[in-house]
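One structure is given below, encoded as structure tokens.
Values below: every heavy atom of this structure, side chains too, minus hydrogens, waters and symmetry copies. Lettering follows sequence order; numbering is per chain, from 1.
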Amino acid sequence: MKIATWNVNSIRTRLMQVVDWLQANPVDVLCLQETKVVDADFPRSPLENLGYHLYVSGQKSYNGVAILSRTPVEDISIGFAPVLGADVVGDLDEQKRVITGIVGNVRIVNLYVPNGSAVGSDKYHYKLRWLKVLREYLKTLLEKQPHELCVCGDFNIAPDHRDIHDPKGRDEHIMASPAERQALQDVLTVGLADAFRKFTAEAGHFTWWDYRTRAFSRDRGWRIDHHYLTPNLYNQAISCTIDKAPRQLEQPSDHTPVIVEF
DNA sequence: ATGGCAGTTCCTAACTGA
């Protein structure tokens, strides 16, 4: 089983790149982030014609997540509220960042973690609050059901210095500040481990490159897209790879796909 | 130190992203 994650930065702009990529890489599940489209306008047919079932949660202009699966997905749920209750979640489900469902014996959680804008900003505090609720959400999911978890998506956090092209002076940089990294580590204490680091310990493997300053051609990137797995699934993982090919195309997303295989 | 690039909408300016 192969599960991929890809922040496409608008599914309508990137549709043909996603179609081409799925034809070349017929993964079992593809989790998309930043679809940037309301559900009624999601371009379903070209993806359904490839044999995928689609489950989407989007909004106008910003955010938006989707799960594409070769087999029907069971027990789809959208946002934090179905698991935690509306009173706990408050305003956090207004932005469409969470979709989950079960494929085989695996519960897949597809996330678009808030960017945070700048350290100390209102959006930064929103990001930290969101990550706290995410921890409770995953903990509750695990308590309610015995499934293995694959929690994947755009986390907008580089876990450590190996995950940034130039780690110098990054403590005050969004996606690398100590509070964000600690919030991510707190999430993982529910019992999750980074699939990529099972296979690759060295620095210099990235999933996102800034559109500006020719960052991709200079390989000035960050590893911010991840798969986090519960222990049994982690043990069953046989590879986790970054496919840089889509980032090299004309008019690419600034992120590129990551694939885990069991 | 600054801004740089891209997508979207309230569409030719402002916002969000990371």
Side-chain angles (χ1 to χ4, degrees), chain A residues 5-18 31-43 56-66 91-92 94-98 110-131 134 152-184 196 204-226 242 244 246-258:
Chain A
T5 182
W6 189 5
N7 178 323
V8 288
N9 187 16
S10 170
I11 185 57
R12 286 178 291 185
T13 296
R14 228 65 65 197
L15 178 62
M16 290 319 296
Q17 291 188 19
V18 174
C31 294
L32 301 176
Q33 304 87 35
E34 276 205 276
T35 51
K36 293 188 172 179
V37 65
V38 295
D39 296 352
D41 293 338
F42 196 102
V56 302
S57 174
Q59 65 185 85
K60 192 166 64 174
S61 303
Y62 304 117
N63 311 315
V65 285
D91 61 340
L92 294 182
E94 290 172 12
Q95 300 180 14
K96 304 308 180 191
R97 299 178 176 279
V98 179
N110 176 16
L111 302 176
Y112 176 45
V113 176
N115 166 281
S117 187
V119 174
S121 67
D122 288 349
K123 289 190 175 72
Y124 181 74
H125 293 295
Y126 180 94
K127 181 180 194 175
L128 295 177
R129 186 160 64 92
W130 195 95
L131 287 164
L134 173 63
C152 63
D154 176 1
F155 283 74
N156 272 317
I157 298 172
D160 66 54
H161 67 278
R162 296 172 295 174
D163 303 312
I164 309 176
H165 62 87
D166 179 6
K168 287 197 298 292
R170 295 298 183 184
D171 272 12
E172 293 308 312
H173 194 293
I174 198 66
M175 304 189 293
S177 71
E180 293 169 75
R181 285 176 162 170
Q182 187 58 53
L184 174 58
F196 185 78
H205 296 272
F206 309 128
T207 66
W208 172 83
W209 298 260
D210 200 308
Y211 283 123
R212 298 165 293 188
T213 66
R214 307 186 317 282
F216 183 70
S217 62
R218 300 156 71 195
D219 201 24
R220 297 173 65 85
W222 296 57
R223 191 176 72 92
I224 57 176
D225 301 88
H226 311 297
I242 299 165
K244 288 171 74 172
R247 189 62 179 80
Q248 297 172 295
L249 299 171
E250 290 293 315
Q251 201 180 14
S253 169
D254 43 355
H255 297 250
T256 212
V258 187

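Judged purely by atom type and a 3.5 angstrom limit, A:His165 has no side-chain atom pairing as donor or acceptor with the backbone of A:Trp209. Listed for the A:Arg247 side chain is no donor-acceptor partner under 3.5 Å among the backbone atoms of A:Pro257. Without hydrogens or angle criteria, A:Arg223 side chain to A:Ala158 main chain gives no donor-acceptor distance under 3.5 Å.
With respect to A:Arg218 and A:Asp166, no salt bridge is recorded, no charged nitrogen being found less than 4.0 Å from a carboxylate O.
Look at NZ on A:Lys36: it is 7 Å from C1' on B:dT16, rounded to the nearest Å. Note: CZ (A:Arg97) to C1' (B:dA18) measures 12 Å, nearest angstrom. Note: CG (A:Leu15) to P (B:dG7) measures 14 Å, nearest angstrom. Atom NE2 in A:His255 sits about 12 Å away from atom C1' in B:dA6, given to the nearest Å. Regarding A:Arg181, its CZ atom lies at a distance of 17 Å from the P atom of B:dA18, rounded to whole Å. Distance A:Glu180 CD to B:dG17 C1': 14 Å, rounded to the nearest Å. Rounding to whole angstrom units, CG of residue A:Asn115 and P of B:dA18 are separated by 5 Å. Separating the CZ atom of A:Arg212 from the P atom of B:dG3 is a distance of 11 Å, rounded to the nearest angstrom.
Look at the C1' atom in both B:dC10 and B:dT16: the space between them is 15 Å, to the nearest Å. Taking the P atom of each, B:dA14 and B:dA18 are spaced 22 Å apart, rounded to whole Å. To the nearest whole angstrom, the two P atoms, one in B:dG3 and one in B:dT8, are 25 Å apart. A gap of 29 Å separates the P atoms of B:dT12 and B:dT2, to the nearest Å. Distance check on atom P: B:dA13 versus B:dA1 gives 30 Å, rounded to whole Å.
Of all nucleotides listed (B:dC5, B:dT8, B:dG4), B:dC5 comes nearest to the side chain of A:Tyr211. Here the nucleotide nearest the side chain of A:Lys123, chosen from B:dA18, B:dG3, B:dG17, is B:dG17.
OP1 or OP2 of B:dT8 has at least one side-chain nitrogen or oxygen of A:Thr13 nearer than 4.0 Å. A close approach under 4.0 Å does not occur between any side-chain nitrogen or oxygen of A:Lys60 and OP1 or OP2 of B:dT8. Close to B:dG7, at under 4.0 Å from its OP1 or OP2, lies no side-chain N or O of A:Asn9.
A residue-by-residue look at A:Pro114 and A:Gln251 shows that A:Gln251 has its nearest nucleotide of DNA chain B further toward the 5' end. Ranked by how close their nearest DNA chain B nucleotide is to the 5' end, A:Thr35 and A:Tyr62 are led by A:Thr35.
Among the protein residues, A:Asp225 comes within range of no part of the nucleic acid, since none of its heavy atoms lies under 4.0 Å from any strand. Among the atoms of the strands shown, only primed sugar atoms or phosphate atoms (P, OP1, OP2) are found under 4.0 Å from some heavy atom of A:Ser10. As judged by a 4.0 angstrom heavy-atom cut-off over every strand, A:Asn7 is placed among residues touching the sugar-phosphate backbone only. Looking at heavy-atom distances under 4.0 Å, A:Tyr112 makes contact with sugar-phosphate atoms alone, never a base. Residue A:Trp208 is in sugar-phosphate contact alone, with no base atom involved, counting any heavy-atom pair closer than 4.0 Å across all strands shown.
For A:Asn9 and A:Lys36, the side-chain atoms include at least one donor-acceptor pair closer than 3.5 Å.
Pairing each heavy atom of A:Ile164 with each of A:Phe206, the nearest pair is C-CE2, 3.7 Å.
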